[in-house]
Amino acid sequence: MPGEPITVVGPVWAIVALLILGGLALMASMFDGAIAARSSGSTGGALRHTTRPFGEAARLMRQRRRATVKADRPLRRIGGAGLLVAAALMVTVVPLGQWTLLDLDVGVVWFNAIDVMVWAFVWLTGWGANSAHSLVGGYRFLAHGLGYELPLMFALVCPAIAAASLNVGEVQTAQESLWFVVWMPVAFVVYLIGVLGFSVWGPFSPAIGTDIAGGARAELSGVDRLLFNAGRYALLAAGAAFAVPLFLGGGAGPLLPGWTWTLVKTLAVLGVLVWLRRKVPAVRPDKFMEIGWLVLLPAALVQMFVVSVVVVVGS
């Protein structure tokens, strides 16, 4: 519950957290497969399409790694595997009910710092392959990042201002009477757009677009491609999980224990993010930069101003 103190659990529970993150990423992948089958009008059966991620993973694990001329293999592999590492680092500050792995005083800043690291990981994936298509994909992602990152930062600041703290547990506790999403809807929407952005998802998919043969992941194959794809789903799951203590009251809810409500809310947000992939068209980086700087950034600043006024008047 929101009023309960946050308890830091031991390192053994880090394994449990990773298993939960992996389970959420797998569920997102299965749900995405089911939506894809429905969108294409496939009649192969829902079970077949929802279990497709297992077959795809088995196929990629058997596939040989592709080699390009003068590729920087360490950089490319660090970039691909880095997405999974970033997702794991993000969830360390997310309270599961009243438990958390890291109770940092600057947990909100920690999340923002890790999300910026994703820029480097995707860029390294595109750069390290020494391929024109991969490089173009990396540049596209950086251009998208310039459009979403600053609005995302101000969206993260809004709950911190309302709670007078950068500690994620205290932000969660501050919503005991009213969830922040109720009076910070703009910040919530901008935050979700940021999650789609650093997950290279939906409108931000041009970085791995088919028009450039797969973009940043064009030269990835085998285990490298599997790690990159899994990392995108894991980042979606981590972003959905962080939205719960930030805007949705954390573990607040009737009857069920707090950790259960945290997972239920995470699944709900994750389902919406996966569903949006085929509902929101891809946006060219230059067009999204205009949207980010001329629409999202002013909207996030206005939202932050409103939150600041409410906090000052109410104090």
Side-chain angles (χ1 to χ4, degrees), residues 1-8 90-91 93-100 102-116 146-198 238-254 258-259 261-262 264-266 268-269 272-273 290-315:
M1 299 299 290
E4 296 178 352
I6 297 296
T7 302
V8 179
M90 284 178 177
V91 298
V93 295
V94 176
L96 184 60
Q98 74 270 25
W99 303 298
T100 186
L102 292 177
D103 190 25
L104 299 179
D105 291 335
V106 290
V108 175
V109 177
W110 168 272
F111 179 89
N112 194 207
I114 300 302
D115 120 61
V116 174
L146 291 174
Y148 77 74
E149 186 58 46
L150 201 55
L152 172 60
M153 182 185 72
F154 285 113
L156 291 170
V157 167
C158 291
I161 292 175
S165 175
L166 292 169
N167 181 282
V168 181
E170 293 183 11
V171 172
Q172 173 180 271
T173 303
Q175 300 173 67
E176 186 171 7
S177 57
L178 183 66
W179 295 0
F180 286 161
V181 68
V182 176
W183 60 291
M184 302 181 195
V186 174
F188 181 61
V189 171
V190 172
Y191 170 81
L192 293 183
I193 292 174
V195 173
L196 293 175
F198 64 65
F242 197 75
V244 175
L246 208 65
F247 293 101
L248 302 176
W259 65 268
W261 276 114
T262 300
V264 168
K265 295 174 185 177
T266 298
V269 176
V272 171
L273 293 176
E290 293 182 14
I291 296 172
W293 286 85
L294 299 180
V295 178
L296 297 182
L297 182 57
L301 288 172
V302 170
Q303 177 73 94
M304 188 175 67
F305 175 75
V306 170
V307 172
S308 301
V309 170
V310 171
V311 170
V312 170
V313 172
S315 61

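Minimum heavy-atom separation, W261 to G253: NE1-C, 3.1 Å. Nearest heavy-atom pair across V311 and A162 is CG2-CA, 3.7 Å. Between L156 and F242, the closest heavy-atom pair is CD2-CE2, 4.0 Å. Here the closest heavy-atom approach between residue A163 and residue E170 is recorded as CB-O, 4.0 Å. Taking each heavy atom of V93 and T100 in turn, the nearest pair found is C-OG1, 3.8 Å. Taking both residues in full, the closest heavy atoms of E149 and N112 are given as OE2-ND2, 2.9 Å, listed atom of the first, atom of the second, then distance.
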Set out, in order, the CA-CA distance, both residues' side-chain angles and the distance that settles side-chain contact (heavy atoms from CB on, under 4.5 Å) for V171 and F180, then state yes or no.
CA-CA 9 Å; V171 172; F180 286 161; 3.9 Å; yes
**OP:** Decide side-chain contact (heavy atoms from CB on, under 4.5 Å) for V157 and V307; before the verdict, give the C-alpha distance in whole Å, the side-chain angles of both, and the deciding distance to 0.1 Å.
**Re:** CA-CA 10 Å; V157 167; V307 172; over 6 Å; no
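How far CD1 of I161 is from CG of L166: 9.5 Å, rounded to the nearest 0.5 Å. Atom CG of L248 is separated from atom CG of L246 by 9.0 Å, given to the nearest 0.5 angstrom. Distance OH/Y148 to CG/L196: 10.5 Å, rounded to 0.5 Å. Here CD1 of I193 is found 4.5 Å from CG of L296. Values are rounded to the nearest 0.5 Å.
In this structure, V302 and V186 have side chains that are not in contact, with every pair of non-hydrogen atoms separated by 4.5 Å or more. Side chains of D103 and N167 form a contact here, defined as non-hydrogen atoms less than 4.5 Å apart.
At least one donor-acceptor pair closer than 3.5 Å links the side chain of Q175 to the backbone N or O of P245.
Checked against ring pair (Phe, Tyr, Trp, His ring centres under 6.0 Å), W293 has no partners two or more places apart in sequence or in another chain.
In this structure, W183 places its CH2 atom where more than 12 heavy-atom neighbours from other residues, nucleotides or ligands lie under 6.0 Å away.
Y191 and F111 have tilted rings, their planes meeting at an angle from 30° to 60° on a 0 to 90° scale.
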